[in-house]
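Given the structure is predicted, the values throughout are model-derived calculations rather than measurements.
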Amino acid sequence: MDTPLSTIAVVGLGTMGTGIAEVLALAGREVIGIDISEAAALGAVASLETSTARAVTRGRITEEERAAALARFRTADTLQAAADAELVVEVVPESYEIKQQVFRELDGIVSPTTILATGTNALSVTRLAAESQRPERVLGLHFFNPAPAMKLVEVVSSVLTAPPAVEAVTRLARELGKEPVAVGDRPGFVADGLLFGYLNQAAAMYEANYASREDIDAAMKLGCGLPMGPLALLDLIGIDTARTVLEAMYAESHDRLHAPAPILGQLGSAGLTGRKAGRGFYTYDAPGGQDVVPDALTPAAGAEAGAGREVASVGVAGSGTMASGIAEVFAKAGYTVVLAARSQEKADTAKGRIAKSLERSVSKGRLSAEARDETLGRITAAGSLDAFAEVDLAVEAVAEDLEIKQQLFAALDKVCRPGAVLATTTSSLPVVAVARATARPEDVIGMHFFNPAPAMKLVEVVRTVLTADDVHATVRAVCAKIRKHPVDCGDRAGFIVNALLFPYLNNAIKMVEEHYASLDDIDAAMKLGGGYPMGPFELLDVVGLDVSLAIETVLHREFRDPGLAPAPLLEHLVAAGCLGRKTGRGFREYARR
């Protein structure tokens, strides 16, 4: 039997409840907003008035539609107001006691056919349903913040939920212009289940003083295209809320990756819960404010560590896409570049690739023909590392194999002049192991560019315990000249980006292994609910499953955490030769070109 869901009660008029009420009212539903706080109710009304007025100004709705939506929304301070509702959505604080009390009271108020939905993202829907007199009508309806803007809605069924209830709210979600994803009952569901593990690791990385909060956030925004860095996102979500979600996830999974980082508890206990408190990982202009203001941890403007070495010429070793991309970047910035490969033919091919890239930029109006010719004229292709004799900076971009890199650096040690900086672009190998292949490890540093190098703004600057201060300062200055954003990190597996990205990808694979959700639903959840430019399985197929497995293996070997062990499904696909787009098949199949 179809349930129209034309009258809907929203219990709890905080930010999320108010956002859900706005979505429902604009979609033509009669909405009863219920909160015991008169201030919250007044705030909800004011928020709807402001947001709908803004929508009129921007041409998204008419003044008549605004007036109709506001007329469909009324507030109350008692659950009795939900008596005629066909659906009740509770978004009260994440507490079993509070939510169970709401459900028990609603049992005695609403119709036996009314659907009761919890907005929890951390607590067990099954446990909440079991407390109700009609558990078959209880489910989860998890919107994402801000509800008016975010398209994802997770529809969560317990083992007790009746299919017609699921069908009714799924249909409602589509009518609201949302993308419903059906998931089972486990803490975090899909989007938060993957997101909060990543956020927790970022907090632990910061707590360990591995990298600054600014560098961690910049690395994930620039390296992965994320709309916000993890620590800024924790401040937005609320550090206390994040810890609650992680506690629930850890209670079920016992995965150390879900055990809340101690700093989350420390900040929460101090009342530093993020934006809503005016301070969390960052400091804000006011409680509830959005603007970050300087504090004691804010880096001083222009405070670089000492003077660096002069760099006028750069050598790039390698003939692949990364090597040619890096050579293009340096040449565009005005450096004289020597591009050396194992043969003159390979070096000429790599330079030809740069010429094609520059020509594309000209055709798109991004580069003048004169600048193209000048850039290409700065690049000399060479078939031997001997051409690096006078370079000031040598950057290797060869195969991700420690023995190959060590052999190359031993050769650079003999060829390059004293005082030249030697940089490796490794993304997963220990930089110090490469440095020890030379007689001057103090001159060696990591410069991890991201692919494609001409487009990606991030460079992870990796100094070892042996790297000289002036070498670090040199590379920071070079990054500024080539218009890249440098982030500092220590010499450990994964650096910042891969150390946070690949456990998240691995956990997505485990969700599929456990038949919790499909590839398509997981990809949709992370794009729509997390703002990710690509879903995890899209990204894995682009990166290459063999590359992903190698990075996962390095992370597991270094950190010895069972939760970082590569998912068996990933290992099986690699063993079968299904490596992603490059082979035509990975997690999905692709048309061969």
**Q** So, Glu154 side chain and Ala182 main chain: donor-acceptor pair closer than 3.5 Å or not?
**A** no
**Q** Would Glu538 and Lys527 pass as an ion pair if we require N to O under 4.0 Å?
**A** yes
**Q** Could you go step by step and tell me if Lys332 and Glu328 meet the salt bridge (charged side-chain N to carboxylate O under 4.0 Å, His left out) rule?
**A** CA-CA 6 Å; Lys332 277 181 178 176; Glu328 178 182 334; 3.0 Å; yes
**Q** Got a salt bridge between Asp469 and Arg463, using NZ or NE/NH1/NH2 to carboxylate O under 4.0 Å?
**A** yes
**Q** Does Thr426 reach the side chain of Val431, with side-chain heavy atoms less than 4.5 Å apart?
**A** yes
**Q** Are any of the side-chain heavy atoms of Tyr250 and Val245 separated by less than 4.5 Å?
**A** no
**Q** Pair Phe281, Val292 - check side chain to side chain contact (heavy atoms under 4.5 Å, CB included), show working.
**A** CA-CA 10 Å; Phe281 286 99; Val292 175; over 6 Å; no
**Q** Tell me every residue that passes side chain to side chain donor-acceptor pair (under 3.5 Å) with Asp520, counting only those two or more places apart in sequence or in another chain.
**A** Arg588
**Q** Given the rule in the side chain to side chain contact (heavy atoms under 4.5 Å, CB included) test, do Val314 and Val391 qualify, once you have shown the distances and angles that lead to the verdict?
**A** CA-CA 5 Å; Val314 178; Val391 301; 6.0 Å; no
**Q** Any salt bridge (charged side-chain N to carboxylate O under 4.0 Å, His left out) involving residues 440-453? Give me the pairs, sequence neighbours left out, ordered by first then second residue.
**A** Arg309-Asp443, Asp413-Arg440
**Q** Return the CG to OG distance between Asn498 and Ser427, rounded to the nearest 0.5 Å.
**A** 5.5 Å
**Q** Compare every heavy atom of Ala525 with every heavy atom of Leu152, then report the nearest pair and how far apart it is.
**A** CD2-O, 3.4 Å
**Q** Lys346 side chain to Gly320 main-chain N or O, any donor-acceptor pair under 3.5 Å?
**A** no
**Q** Should Leu408 and Leu385 be marked as a side chain to side chain contact (heavy atoms under 4.5 Å, CB included) after you check the CA-CA gap, both sets of side-chain angles, and the distance that decides it?
**A** CA-CA 9 Å; Leu408 186 143; Leu385 290 176; 4.2 Å; yes
**Q** Would you sort out whether Val459 and His448 count as a side chain to side chain contact (heavy atoms under 4.5 Å, CB included), showing the intermediate values?
**A** CA-CA 5 Å; Val459 175; His448 180 212; 5.8 Å; no
**Q** Would you say the side chain of Glu571 lies within less than 4.5 Å of the side chain of Leu549, judging by non-hydrogen atoms?
**A** yes
**Q** Report the C-alpha separation of Asp541 and Lys582 in whole Å, then their side-chain angles, then the decisive distance to 0.1 Å, and conclude whether the salt bridge (charged side-chain N to carboxylate O under 4.0 Å, His left out) test is met.
**A** CA-CA 8 Å; Asp541 279 352; Lys582 59 189 173 186; over 6 Å; no
**Q** Can you tell me how far the CG atom of Leu246 sits from the CG atom of Asn200, to the nearest 0.5 Å?
**A** 4.5 Å
**Q** Identify the two heavy atoms, one from Lys178 and one from Met150, that lie closest to each other, and give their separation to 0.1 Å.
**A** NZ-O, 2.8 Å
**Q** How many angstroms lie between atom CG of Leu393 and atom OG of Ser313, to the nearest 0.5 angstrom?
**A** 8.5 Å
**Q** What pairs with Arg557 under side-chain contact (heavy atoms from CB on, under 4.5 Å), at least two apart in sequence or on another chain?
**A** Thr553, Val554
**Q** Cut-off 3.5 Å, side chains only: do Tyr206 and Asp217 have a donor facing an acceptor?
**A** no
**Q** Main chain of Ala331, side chain of Arg378: is a donor-acceptor contact present, judged purely on distance under 3.5 Å?
**A** yes
**Q** Taking atom CZ of Arg256 and atom CZ of Arg560, what is their separation to the nearest 0.5 Å?
**A** 11.5 Å
**Q** Is any side-chain heavy atom of Val156 closer than 4.5 Å to one of Leu141?
**A** no
**Q** Is there a donor-acceptor contact under 3.5 Å from the side chain of Asp192 to the main chain of Leu195?
**A** no
**Q** Under the 3.5 angstrom rule, does the side chain of Tyr282 hit a backbone N or O of Ala232 as a donor-acceptor pair?
**A** no
**Q** If you take all heavy atoms of Ser319 and Ala350, which pair is closest and at what distance?
**A** O-CB, 3.9 Å
**Q** I want to check something: taking the side chain as every heavy atom from C-beta on, are Val125 and Thr120 in contact at a cut-off of under 4.5 Å?
**A** yes
**Q** Using modelled atom types and a 3.5 Å cut-off, is there a donor and acceptor pairing between side-chain atoms of Glu396 and backbone atoms of Thr425?
**A** yes
**Q** Strictly distance-based, threshold 3.5 Å: is any side-chain N or O of Asp215 a donor or acceptor partner for the main-chain N or O of Asp488?
**A** yes
**Q** How many angstroms lie between CE in Met526 and OH in Tyr198, if you round to the nearest 0.5 Å?
**A** 9.5 Å
**Q** How close do Ala387 and Ala382 get, heavy atom to heavy atom, and via which atoms?
**A** CB-CB, 3.6 Å
**Q** Could you tell me if the side chain of Lys351 sits less than 4.5 Å from the side chain of Leu376, heavy atoms only?
**A** yes
**Q** Relative to Tyr335, does Lys481 satisfy both conditions: NZ or CZ under 6.0 angstrom from the six-membered ring centre, and within 45 degrees of the ring's axis?
**A** yes
**Q** Which atom names give the shortest non-hydrogen contact between Ala327 and Ile379, and what distance separates them?
**A** O-CD1, 4.3 Å
**Q** For the side chain of Glu460 and the backbone of Ile496, is there at least one donor-acceptor N/O pair under 3.5 Å apart?
**A** yes
**Q** For the atom pair NE2 (His258) and OG (Ser253), what is the distance rounded to the nearest 0.5 Å?
**A** 5.0 Å
**Q** For Glu252 and Pro187, work out which heavy atoms get closest and say how close.
**A** OE1-CD, 3.0 Å
**Q** Does Glu514 come within less than 4.0 Å of Lys510, counting only side-chain N to carboxylate O?
**A** no
**Q** Ring of Tyr590, cation from Arg585 - is the NZ or CZ under 6.0 Å from the centre and inside 45° of the axis?
**A** no
**Q** Please assess Tyr532 against Tyr504 for the test ring-ring contact (aromatic ring centres under 6.0 Å, His included), listing each intermediate value before the final yes or no.
**A** CA-CA 12 Å; Tyr532 282 62; Tyr504 148 77; 5.1 Å; yes
**Q** Does the side chain of Thr464 come under 3.5 Å of the side chain of Thr467 through a donor N or O and an acceptor N or O?
**A** yes
**Q** Does Ser324 form a side-chain hydrogen bond (donor to acceptor under 3.5 Å, both in side chains) with Arg353? I'd like the steps, not just the answer.
**A** CA-CA 7 Å; Ser324 58; Arg353 189 183 300 118; 3.3 Å; yes
**Q** I'd like to know if the side chain of Lys364 and the backbone of Glu359 have a donor-acceptor N/O pair within less than 3.5 Å.
**A** no
**Q** Less than 4.5 Å apart, any side-chain heavy atom of Cys224 and any of Leu500?
**A** no
**Q** State, without any angle test, whether Glu400 and Ser428 hold a side-chain donor-acceptor pair at a distance under 3.5 Å.
**A** yes
**Q** Whether Glu558 and Arg492 form a salt bridge (side-chain N of Lys/Arg under 4.0 Å from carboxylate O of Asp/Glu) is what I want to check.
**A** no
**Q** Spell out, as yes or no, whether a donor-acceptor pair under 3.5 Å connects the side chain of Glu552 to the backbone of Pro566.
**A** no
**Q** A side-chain contact here means heavy atoms from C-beta on lying under 4.5 Å apart; do Phe587 and Ile509 qualify?
**A** yes
